[in-house]
There are 2 protein chains.
Amino acid sequence: MYERGAVVSLDEVARAAGVSSATASRALSGRGHVSPATRQKVNEAAESLGYVVSSAASSLASGRSRSIGVMAPDLHRWFFNSVLSGISDTLTRAGYDLTLYNVTNDPQLRREIFRAFLRRRRVDGVIVVALELDEWETEQLGSLGLPVIVLGGRPRALPGMAIDDQGVTRLAAEHLLTLGHRKIGYIGGDHAFDVDYHVPTQRREGFDQAVEAYGLDPADSPAGVADFTIPGGYRAAKQLFGTPGASFTGLVAASDEMAIGVMLAAKDLGVQIPQQVSVVGVDGHELGGLFGLTTVDQHPVGQGRTAAEHILGRVDGQGNGDSDLPFELVVRSSTAAPAEVEPF
Amino acid sequence: MYERGAVVSLDEVARAAGVSSATASRALSGRGHVSPATRQKVNEAAESLGYVVSSAASSLASGRSRSIGVMAPDLHRWFFNSVLSGISDTLTRAGYDLTLYNVTNDPQLRREIFRAFLRRRRVDGVIVVALELDEWETEQLGSLGLPVIVLGGRPRALPGMAIDDQGVTRLAAEHLLTLGHRKIGYIGGDHAFDVDYHVPTQRREGFDQAVEAYGLDPADSPAGVADFTIPGGYRAAKQLFGTPGASFTGLVAASDEMAIGVMLAAKDLGVQIPQQVSVVGVDGHELGGLFGLTTVDQHPVGQGRTAAEHILGRVDGQGNGDSDLPFELVVRSSTAAPAEVEPF
DNA sequence: AGTCATACTGGAAGCGCTTGCATTCAATCA
DNA sequence: TGATTGAATGCAAGCGCTTCCAGTATGACT
């Protein structure tokens with residue numbers, strides 16, 4: 001039904017340039033010795049014929065596909081689609097394609113991705129974004145014989161890049177403590193939500209460390225559990241604000257989406273931010289500005305870029321992948337020194 | 001550096017099953033005649049050896065890559081990543097890969113995607129999500145010799161699927177008019193924002209039609225311009241709410257994100273929804289429930305699924321693509337009959 | 001002048017599949 | 001019963017590149 005319009009082959013380019021296809025290949029790919037004059041002739045021929053290499057033929061012959069696989073969970077979550085944008089941008093600039101594997105909750109589909117999709121040798125490397133991998137999955141990835149990099153979380157067996165997940169919440173909590181808050185609450189994830197690799201635990205840990213460093217008992221901190229989304233944060237905050245006796249002047253949320261949920265809940269309940277409660281999040285969400293949210297920005301787009309650069313380097317046999325990612329506190333209007341005002 | 005772990009070839013499977021590689025290929029792909037007994041032998045051999053077809057070799061030999069290209073703009077926008085999820089889900093289930101081309105504002109990158117990426121013959125079909133294509137791009141897509149489907153917008157030259165973009169806003173406005181509102185405002189896009197193919201104009205048109213049908217003059221409707229995002233809607237609403245003399249009891253926003261921005265602005269300004277102003281959006285945003293937003297749901301995930309099914313059908317030579325997509329009004333708490341209360 | 005390294009180029013062998021064609025064999029039919 | 005048909009299978013020719021190897025030419029060096 002769809003016949004490919006006259007597709008130009010390397011042979012035609014070679015003929016037009018008056019060289020062999022071997023030389024044409026070398027000229028176009030930049031590998032091997034080709035005289036400048038020949039190279040130009042070939043390039044011109046290719047240009048004028050509109051030649052584009054066939055990825056299938058090239059892959060088959062060279063064993064390289066010029067494509068990177070990206071496995072990511074829920075694309076609705078801002079963090080993940082941000083990382084994906086960053087990866088996509090860098091790969092496109094490098095002339096690589098991006099094969100997306102959206103790993104959903106369907107266990108069968110998920111299994112199939114690890115079993116078959118990745119093995120088709122369509123990709124030269126894999127970036128795993130914030131997935132909690134079980135042992136079998138880790139093994140599958142490892143046995144691929146391809147560079148793999150896990151972004152977010154540090155599975156023992158695979159090279160990873162991650163922010164210091166304790167560091168971010170520690171920084172967030174320290175910010176509040178420095179401002180003078182002494183009674184601060186925490187809203188974070190639960191182990192049951194394993195979309196993030198151990199992230200919930202790590203983040204809570206960081207919070208605790210900061211609190212303890214100020215001689216306080218983390219157990220005294222009112223805590224809520226949510227799933228890293230806006231509605232999740234909203235619900236948790238409503239509950240927290242409504243808990244009798246659980247007063248606090250500051251609140252750390254383990255993600256900006258939760259923090260935004262908190263701010264919405266506060267608005268609904270008439271709790272004033274930051275007069276009655278200061279709120280800090282983690283991520284650097286694009287809506288942070290709109291809400292005046294103080295946050296620990298982890299530059300997700302940059303993380304995507306970095307991961308992509310890294311994997312591209314590894315495809316060429318450089319580096320090994322483990323590294324730390326930067327983050328920084330961005331202070332906006334959702335935090336202030338605790339006022340003399342009655343806490344909520 | 002990374003040697004591929006013992007990759008199993010079709011020949012090995014064939015040998016293990018005691019047949020020729022031709023038969024093994026037919027057995028595995030399901031094409032051609034193979035006796036049930038042979039088929040089973042081959043399947044078992046493949047299974048036990050962990051054989052997975054090489055996509056490059058298969059593509060080269062058959063001309064089919066079992067991959068679909070998806071071109072999408074800004075992944076942050078909820079609508080786009082929803083559609084993408086839907087596409088991904090359907091493709092994965094069908095055993096297809098998804099090659100993502102995130103089309104950004106960088107004109108050079110964008111050009112390159114159309115010029116080279118799509119021509120590498122890595123994909124069997126292309127789904128274009130809500131991109132305003134210029135003539136050259138349309139032509140490139142058309143000359144690919146591949147099934148292409150444009151989701152959202154209807155470029156003359158390419159088959160497309162779209163909701164009735166006039167219909168959605170007409171429905172939204174009719175909802176308000178039916179409730180008794182007679183002074184309703186509109187927040188929509190601008191031609192300058194061409195991420196959506198003609199969508200801004202179409203949606204405004206639909207709104208006007210509804211208003212006119214009630215004997216009102218669309219020119220009397222207070223209107224704001226925004227870029228389909230939450231902050232955009234927020235800014236436009238602040239302006240609209242602050243315009244002297246521009247009173248209205250209902251507001252139609254051309255996207256849910258804008259509508260959410262409107263609600264946030266209203267909250268900040270103390271404008272009560274729906275008591276003073278009723279708000280309707282378009283999309284079916286996942287946060288609609290949280291905000292109690294009345295909306296015209298266009299089921300973006302479903303759209304993605306439908307588009308994917310369609311393109312898969314076209315790859316197999318069926319159908320031609322043009323079709324309408326369903327949408328429906330979802331009434332929540334952001335709309336009500338105009339109260340006796342003073343409008344904002 | 002002779003040797004050797006080096007730059008450039010072409011021939012040709014695959015890469016791992018799919019598929020057209022030929023072959024075999026058993027079932028069907030007049 | 002011989003001719004016909006069709007299912008089942010194998011052979012082998014590619015698909016369009018990359019790259020090893022060999023060959024030639026050119027320049028450098030002793």
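Chain naming here is simple, since letters A, B, ... match the order of the sequence lines and numbering starts at 1 in each.
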A.B. asks: Verify, without hydrogens or angle tests, whether B:Ser59 (side chain) and B:Ser55 (backbone) share a donor-acceptor contact under 3.5 angstrom.
C.D. replies: yes

A.B. asks: Does C:dC15 have OP1 or OP2 sitting under 4.0 Å from an N or O in the side chain of A:Ser62?
C.D. replies: no

A.B. asks: Please work out whether the ring planes of B:Phe117 and B:Tyr101 are parallel, tilted or perpendicular, with thresholds of 30° and 60°.
C.D. replies: perpendicular

A.B. asks: If I take atom NZ in residue A:Lys41 and atom P in nucleotide C:dC8, what distance separates them, rounded to the nearest angstrom?
C.D. replies: 13 Å

A.B. asks: Just the rounded figure in Å: distance from P of C:dG11 to CG of A:Asp11.
C.D. replies: 11 Å

A.B. asks: How long is the line joining CZ of B:Arg15 and P of D:dC11, in whole Å?
C.D. replies: 13 Å

A.B. asks: Quick one: does any side-chain atom of B:Arg15 pair with a main-chain N or O of B:Ser21 as donor and acceptor, under 3.5 Å?
C.D. replies: no

A.B. asks: Rounding to a whole Å, what distance do you find between B:Arg31:CZ and C:dT18:P?
C.D. replies: 7 Å

A.B. asks: What's the closest nucleotide to the side chain of A:Leu10 if the choices are C:dT9, D:dA8, D:dT18?
C.D. replies: D:dT18

A.B. asks: For C:dT18, does either OP1 or OP2 sit under 4.0 Å from a side-chain N or O belonging to B:Ser25?
C.D. replies: yes

A.B. asks: Examine distances only and state if a side-chain atom of A:Ser67 and a backbone atom of A:Val123 form a donor-acceptor pair shorter than 3.5 Å.
C.D. replies: no

A.B. asks: From CZ of A:Arg122 over to P of C:dG16, roughly how many Å is that when rounded to an integer?
C.D. replies: 17 Å

A.B. asks: Could you check whether A:Ser29 gets within reach of a base, just the sugar-phosphate, or nothing at all, counting any heavy atom under 4.0 Å?
C.D. replies: nothing

A.B. asks: Using OP1 and OP2 only, check whether a side-chain N or O of B:Ser9 sits under 4.0 Å from C:dG16.
C.D. replies: no

A.B. asks: Taking only side-chain nitrogens and oxygens of B:Ser59, does any of them come within less than 4.0 Å of OP1 or OP2 of C:dC17?
C.D. replies: no

A.B. asks: Select from B:Ala57 and B:Ala22 the residue whose nearest nucleotide in DNA chain D is closer to the 5' end of that strand.
C.D. replies: B:Ala22

A.B. asks: Any side-chain N or O of A:Ser20 less than 4.0 Å from the OP1 or OP2 oxygen of C:dG10?
C.D. replies: yes

A.B. asks: C:dA13 P sits how many Å from A:Leu60 CG, rounded?
C.D. replies: 17 Å

A.B. asks: So, is A:Ser35 near the phosphate of C:dT9, with a side-chain N or O under 4.0 Å from OP1 or OP2?
C.D. replies: yes

A.B. asks: Between A:Leu91 and A:Asp97, is any pair of side-chain heavy atoms under 4.5 Å apart?
C.D. replies: no

A.B. asks: Can you work out whether A:Thr23 or B:Ser21 has the more 5'-proximal nearest nucleotide on DNA chain C?
C.D. replies: A:Thr23

A.B. asks: Between D:dC17 atom P and A:Leu28 atom CG, what is the distance in whole Å?
C.D. replies: 9 Å

A.B. asks: Side chain of A:Arg26, base of C:dG10: donor and acceptor closer than 3.5 Å?
C.D. replies: yes

A.B. asks: For the pair made of NE2 in B:His33 and C1' in C:dA22, what is the distance, rounded to whole Å?
C.D. replies: 15 Å

